[in-house]
Protein chains: 4
Amino acid sequence: MGAVKAKRMPRAVREQQMLDAAVETFGQRGYMAASMDEIAELAGVSKPLVYLYLNSKEELFTACIRREAAALVTAVRSGVRTGLPADRQLWDGLLAFFVHTAAYPHAWSVVHLQARTHGETFAAEAAAMREEIVAFVTSLIVVAAREAHRDPDLPEREVAGLAEALVGAAESLATWANTTDGVTARQAATTLMNFAWAGLSNLMDGRNWTPPAA
Amino acid sequence: MGAVKAKRMPRAVREQQMLDAAVETFGQRGYMAASMDEIAELAGVSKPLVYLYLNSKEELFTACIRREAAALVTAVRSGVRTGLPADRQLWDGLLAFFVHTAAYPHAWSVVHLQARTHGETFAAEAAAMREEIVAFVTSLIVVAAREAHRDPDLPEREVAGLAEALVGAAESLATWANTTDGVTARQAATTLMNFAWAGLSNLMDGRNWTPPAA
Amino acid sequence: MGAVKAKRMPRAVREQQMLDAAVETFGQRGYMAASMDEIAELAGVSKPLVYLYLNSKEELFTACIRREAAALVTAVRSGVRTGLPADRQLWDGLLAFFVHTAAYPHAWSVVHLQARTHGETFAAEAAAMREEIVAFVTSLIVVAAREAHRDPDLPEREVAGLAEALVGAAESLATWANTTDGVTARQAATTLMNFAWAGLSNLMDGRNWTPPAA
Amino acid sequence: MGAVKAKRMPRAVREQQMLDAAVETFGQRGYMAASMDEIAELAGVSKPLVYLYLNSKEELFTACIRREAAALVTAVRSGVRTGLPADRQLWDGLLAFFVHTAAYPHAWSVVHLQARTHGETFAAEAAAMREEIVAFVTSLIVVAAREAHRDPDLPEREVAGLAEALVGAAESLATWANTTDGVTARQAATTLMNFAWAGLSNLMDGRNWTPPAA
DNA sequence: AATGAATGAGTGTTCATTCAT
DNA sequence: GATGAATGAACACTCATTCAT
């Protein structure tokens with residue numbers, strides 16, 4: 001499973017191999033339980049080379065988070081074509097998201113779980129990416145409201161909460177799909193789309209649920 | 001800072017103190033970064049005593065997960081009264097959930113984050129509790145459909161996905177509320193209820209979103 | 001040669017054993033070349049215990065410097081009785097100094113050589129002790145001048161230079177005596193006393209050597 | 001900061017650049033703390049080239065000691081003109097010594113401190129040079145005694161001790177002058193000359209200090 | 001019921017050194 | 001003549017765990 005052992009490769013290539021190995025190991029074992037020895041071995045190089053190129057375990061982990069977060073954002077962005085209706089854009093984005101997280105489960109574990117459980121520094125790194133996605137979803141909600149010929153009279157904080165809930169649900173479903181046999185990316189996307197779009201439409205019609213008095 | 005030092009207490013009490021300290025430490029530092037030294041000190045006892053009562057770090061962590069998972073399930077169950085309409089039951093459950101996770105953030109971190117990032121054994125422990133909650137939510141959805149005089153013609157897998165999405169959204173919002181200033185449990189519950197209930201109603205009316213052909 | 005292996009000793013005792021071993025090892029190998037493993041083994045304990053008691057290699061080394069510097073100053077002070085003539089006091093001090101450095105060559109190496117070659121922090125630690133000795137010698141020179149019924153019209157900077165030269169010569173002779181067979185502490189002290197006392201007397205008589213014009 | 005980068009230079013020149021860099025680095029950081037990486041970078045060449053020319057860290061260090069020791073001896077020898085009175089010769093030698101050590105503090109650190117704190121091999125290398133200087137001083141003392149029309153009835157061992165003390169004092173003053181602001185080579189030489197010459201004269205007049213009975 | 005004393009095993013990190021070009 | 005790529009071996013330090021009392 002480790003990279004084919006080939007000596008004397010250019011630095012850039014080796015670095016990617018190391019990141020590959022690191023993402024797999026961090027994703028599987030967790031940040032702390034992953035040992036640099038294991039990562040080096042999986043990458044097919046000696047430990048000093050890992051340090052020569054990536055300096056420390058912390059920097060290596062950060063590099064993993066950055067690379068995978070960027071890859072995920074790129075995947076989602078690439079899946080969406082502007083100009084289509086908002087619901088279609090949301091669908092396309094969700095589908096791309098679930099396809100990507102299913103294709104790279106270790107990467108998803110690194111970005112979503114590991115990055116958030118080992119200190120503020122790493123968490124912040126992952127949070128930056130998440131912000132991008134939340135912002136994207138938020139904008140879609142606003143556009144959808146406009147398309148429905150409705151003033152965006154949903155208060156801003158309300159929209160933020162909805163986007164948060166939607167993204168949170170997507171994240172949970174991604175993990176769920178990755179750990180539950182027979183759930184495809186398409187199914188996950190459909191479920192969430194049904195759950196979310198219908199809810200959003202209703203809200204835009206002013207039919208919202210009123211909590212009982214405290 | 002730790003518990004007031006009092007010698008010679010009955011075992012059951014000491015054990016709870018240790019678990020308190022462990023939950024706080026695990027929640028704050030993470031499973032691996034938490035040291036038995038720190039936990040013992042925070043509990044106000046010597047390390048060998050911790051081992052005498054709880055045998056190992058793994059067992060100690062498991063005990064934490066069990067205790068806190070049970071506490072959370074109990075809290076949700078206690079918040080709900082049967083006999084009320086389904087939406088009210090869901091609301092009550094969500095509110096109890098957000099109140100509890102806000103009151104015990106370290107416990108929530110242990111059960112939701114730490115338990116899932118350090119090996120299958122721990123993850124399974126937490127998953128068991130989660131199942132209970134998902135089952136509860138599933139049943140509410142079914143009841144709601146029945147109340148709406150509609151046959152639960154939503155396929156079972158669909159319902160499972162919806163419950164999963166709902167619970168996932170709740171979990172994300174809990175963490176979000178715990179780390180975002182000025183978001184109360186009531187607000188989180190309202191946001192989610194709006195998002196979810198409206199969506200569920202729509203679905204039960206057969207107005208679901210159809211994905212484009214692959 | 002290592003301490004007789006005896007288990008379960010009180011902390012204070014173990015600590016001294018560790019310092020003994022550390023002084024020997026640092027003195028022989030040098031600060032950097034000495035490994036904590038070696039020190040622990042020589043002390044007859046495991047490495048973690050060394051860390052438990054002395055925290056780090058740096059702190060261990062600092063503790064060595066402090067202990068041995070204090071021991072040397074104490075030895076010199078104890079060798080001198082106030083009330084005797086200045087030359088006798090100087091002789092007694094020098095003799096005590098050479099006896100001590102000959103009895104504890106590793107300690108002398110640590111304080112005089114190692115402490116000065118591995119960073120400002122350590123150097124400062126040793127310099128503090130040296131200051132005490134220089135101050136002591138300086139005072140003796142002043143007293144000697146007074147005893148000789150001469151105003152201490154030697155300028156202060158001049159006296160400082162002389163004390164520095166005297167102490168420097170003593171330090172060099174100590175190392176020389178330690179590495180040259182057949183040179184006793186008494187001989188070293190006699191040589192230096194002859195060299196120094198005669199010179200000082202001459203200076204106090206105003207017979208100083210005038211350098212040629214630049 | 002390092003030598004201007006120029007490719008393809010003759011070996012002899014490159015070697016001197018490497019030694020320059022090595023002396024500076026060893027002098028500043030110490031033998032063990034200095035890394036071959038740092039030295040190579042400061043020399044403006046790649047590490048393998050350093051190994052090609054100087055074989056190993058040990059040999060590199062040895063080469064540094066040899067070069068700098070020789071340079072120091074040469075400097076002292078060049079400062080002295082035979083035919084002048086002994087005291088003038090001593091003065092000239094001391095002055096040359098202090099001027100050289102002040103001009104090349106890193107070299108002085110290498111030869112005097114580093115060489116003596118990292119194993120017998122290096123110490124022996126530096127000791128060889130020292131012997132030359134001690135021998136030179138010894139001969140001056142003998143000549144001085146002869147000039148004073150006195151038989152050198154000072155026993156040989158006594159003379160050796162005096163030379164040792166004188167050289168030791170000089171070494172200490174050199175380091176002292178290098179680390180104390182405002183002390184010039186000339187001042188150091190004057191202080192030592194006063195201290196030493198007066199003492200030596202006295203001794204040659206038979207006025208020596210008699211130690212108390214043991 | 002409780003603890004001071006002690007350790008085996010492992011981790012991240014560094015460095016002198018070499019090979020292939 | 002010169003170097004980018006790569007490593008074996010070691011070292012400081014930590015931690016879960018146990019023993020003797």
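Each chain gets a letter, A, B and so on, in the order the sequences are listed, and its residues count up from 1. Just so we're clear, the structure is a prediction, and the values are computed from it rather than from any experiment.
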Assigned partner base of dG8(F), Watson-Crick or wobble definition, under 3.5 Å: dC15(E)
Euclidean distance, atom CG of residue D37(A) to atom P of dG10(E) [Å, nearest integer]: 11 Å
Sugar-phosphate only, base, or nothing, as touched by A33(B) at under 4.0 Å among non-hydrogen atoms: nothing
Pairing nucleotide - dT21(E), Watson-Crick or G-U, each distance under 3.5 Å: dA2(F)
Value in whole Å for how far the P atom of dG4(F) lies from CG of L49(D): 11 Å
Separation of atom OH in Y31(A) from atom P in dT11(E), rounded to whole Å: 14 Å
Rounded distance in Å - CD (E41(A)) to C1' (dG8(F)): 15 Å
Crowding at CD, E59(B) (>12 non-hydrogen neighbours, <6.0 Å): yes
Selected nucleotide, minimal atom distance to P48(A) side chain, candidates dT14(E), dG12(E), dT7(E): dT14(E)
Result of checking R29(A), K57(A), K47(A) against D37(A) for salt bridge (charged side-chain N to carboxylate O under 4.0 Å, His left out): K47(A)
Selection from dA12(F), dA5(F), dA20(F) that lies nearest to any side-chain heavy atom of R11(A): dA5(F)
I39(A) CD1 to dT13(E) P, straight-line distance once rounded to whole Å: 11 Å
Atom-to-atom span, CG of L52(C) to P of dA5(E) - whole angstrom: 9 Å
Other residues, nucleotides, ligands: >12 heavy atoms within 6.0 Å of Y104(C) OH: no
For dA1(E), the Watson-Crick or wobble counterpart (both distances under 3.5 Å): none
Atom pair distance, as rounded to whole Å: CE in M32(D) and P in dC11(F): 9 Å
Upstream residue (5' side of DNA chain F) when S35(C) and S46(A) are each assigned their closest nucleotide: S46(A)
side-chain N/O R14(D) vs dA2(F) OP1/OP2, d < 4.0 Å: yes
Residues, nucleotides or ligands: over 12 heavy atoms within 6.0 Å of E58(C) CD: no
Y51(B) or P10(A), whichever maps to the more 5' nucleotide of DNA chain F: P10(A)
Any donor-acceptor N/O pair under 3.5 Å between dT3(F) base and K47(D) side chain: no
A34(D) or M36(A), whichever maps to the more 5' nucleotide of DNA chain E: M36(A)
Rounded distance (Å) that lies between atom P of dA16(F) and atom OH of Y53(B): 21 Å
Parallel, tilted or perpendicular: ring planes of F61(D) versus Y31(D), cut at 30 and 60 degrees: parallel
